[in-house]
Amino acid sequence: MSAVNDDAAENILRPVPESEAELAFEGALRPQSLGEFVGQTKVRGQLELLLQAAAIQNRTPDHILLAGPPGLGKTTLAMIIAYESGRPLRMSSGPAIQHAGDLAALLSSITPGEVLFIDEIHRMARSAEEMLYLAMEDFRIDIMVGKGAGATSIPLELSPFTLVGATTRSGLLPNPLRDRFGFTAHLEFYDDSELEQVLRRAAVLLGLTIDKRALAEIAGRCRGTPRIANRLLRRVRDYALVHGTDASLPAVNAALDLYDVDALGLDRLDKAVMQILLTRFDGGPVGLNTLAVSVGEEPETIESVVEPFLVRIGLITRTPRGRVATREAWEHFGLAPRGQEALSGNDL
Ligand code: ADP
């Protein structure tokens, strides 16, 4: 595979948006209400109940934690929570909160009843986390003034608010923080029929006529992720436009092949992890850190972005001794199993 193709595959299947244009495109396709939000039936029902109960009691809804891999709808749900409860939304993110002072500035300007969304909440500074505990529990913070022996803390009352935190790594959140959320929603990868619904809805919004077989093909190749489904649909639309064809199955296949999207929707990093696990480590078991170093990525990225999907489609399993390739993985990459007896996803 050429470097150019690698880049193309990485770009189109990347689970996190990077450009302004992409963010605008996502914004246009984002469902605005729970009724429009496809799939995650259980979570939707739980949220609905929580929001209705708060509305009946005329109070701010409980703090909510949304956990799951990128692109599954955490930001969308945060916006929907604000919309459904008729409250203003304020958006921030963990990496933007590097000091307790950043959080104090944010919290002290909150208006009554606001929904505060903190994306990637696990990346917030430790000092801010402690301030957040108190804010979540008592709608109050203590602001430290001065340093050393002369330092004093000034209490500050806050307006009641609902915190919606999103994380790809709920395991990294300290227990005291996790315990202060009234409800944690674990978002799952979407199945093919749900992804077809996401795509059908996006096609209508984009004014694109596309047949059922074409939708099914994209649904099967988008890593169980609505963000990637929408992105692939856009490339198919481009292809149909440039070639003057319908958005039919041949156009989908040609467009996705051009962008190097494989039959399972694996991206460059997925493939790199699998190739190394299979060829360099004979299918494992191999530890997360070793695997991450071998592909030149952070262990966090491998654990929160790459692995969940590979486990979900049964190409790797996590064992106490490390990550192991399954029999299906050897088959998918057209290799003869080596090393220890390969496990089958079905055996587990
Ligand atoms: P996350 O915050 O988990 O990374 P987002 O909420 O930004 O993911 O979702 C990415 C895009 O995927 C959104 O712009 C939206 O168009 C689409 N999307 C996500 N979940 C759904 C859903 N359940 N139904 C329809 N579209 C969805």
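We count ligands from 1, going down the list as the structure has it; atoms in each ligand are counted the same way. Just so you know, residue 1 is the first one in the sequence shown, and it goes up from there. Note that these values count all heavy atoms, side chains included, but never hydrogens, waters or copies made by symmetry.
A side-chain contact (heavy atoms from CB on, under 4.5 Å) with H99 is found for exactly one of L103, I97, D102, namely D102.
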Show every donor-acceptor pair shorter than 3.5 Å between a side-chain atom in residues 125-139 and any protein atom, with sequence neighbours excluded, or say none if there are none.
unit_1: R126; atom_1: NE; unit_2: E129; atom_2: OE1; d: 2.8
unit_1: E137; atom_1: OE1; unit_2: R180; atom_2: NE; d: 3.2

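For ligand 1, the polar-atom distance check finds no N/O of P226 at less than 3.5 Å from any of the ligand's N/O atoms. Checking only distances, V38 does come within under 3.5 Å of ligand 1, N or O to N or O. Between K74 and ligand 1, at least one pair of N/O atoms sits closer than 3.5 Å.
Within the model, atoms CG of L156 and CD1 of I143 stand 5.0 Å from one another, a figure rounded to the nearest 0.5 Å.
Put simply, no part of G39 is less than 4.0 Å from ligand 1, judged by heavy atoms. The closest approach between a heavy atom of Q40 and any atom of ligand 1 is not below 4.0 Å. In this structure, G71 has a heavy atom closer than 4.0 Å to ligand 1.
Side-chain heavy atoms closer than 4.5 Å link hydrophobic residues (I, L, V, M, F, W, Y) into clusters, and following such links, even through other members, never connects Y83 to L47.
Distance alone, capped at 3.5 Å, places no donor-acceptor pair between the R312 side chain and the G224 backbone. Judged purely by atom type and a 3.5 angstrom limit, T245 has no side-chain atom pairing as donor or acceptor with the backbone of H243. Side chain of T326 to backbone of G314: a donor-acceptor contact under 3.5 angstrom is found.
Legend: side chain to side chain donor-acceptor pair (under 3.5 Å) pairs involving residues 205-218, not counting sequence neighbours, sorted by first then second residue: E196-K212, E217-R221.
Close approach to T76 involves these atoms of ligand 1, each under 4.0 Å from a residue heavy atom: 5 (P), 6 (O), 9 (O), 13 (C). Ligand 1 places these atoms under 4.0 Å from at least one heavy atom of F37: 20 (N), 21 (C), 22 (C), 23 (N). Per-residue contacts place L29 under 4.0 angstrom from the following atoms of ligand 1 (heavy atoms of the residue considered): 16 (O). Atoms of ligand 1 lying under 4.0 Å from at least one heavy atom of N230, given by number and element, are 16 (O), 17 (C). Counting atoms of ligand 1 from 1 in the listed order, those under 4.0 Å from a heavy atom of P70 are 4 (O).
When non-hydrogen atoms are compared, ligand 1 lies under 4.0 Å from neither the backbone nor the side chain of D119. Only backbone heavy atoms of L72 (N, CA, C or O) come within less than 4.0 Å of ligand 1; its side chain stays farther off.
We find that E307 and R318 are joined by a salt bridge, their nearest charged nitrogen and carboxylate oxygen being less than 4.0 Å apart.
Among A166, A229, G73, G68, the residue whose heavy atom lies nearest to atom 20 (N) of ligand 1 is G73.
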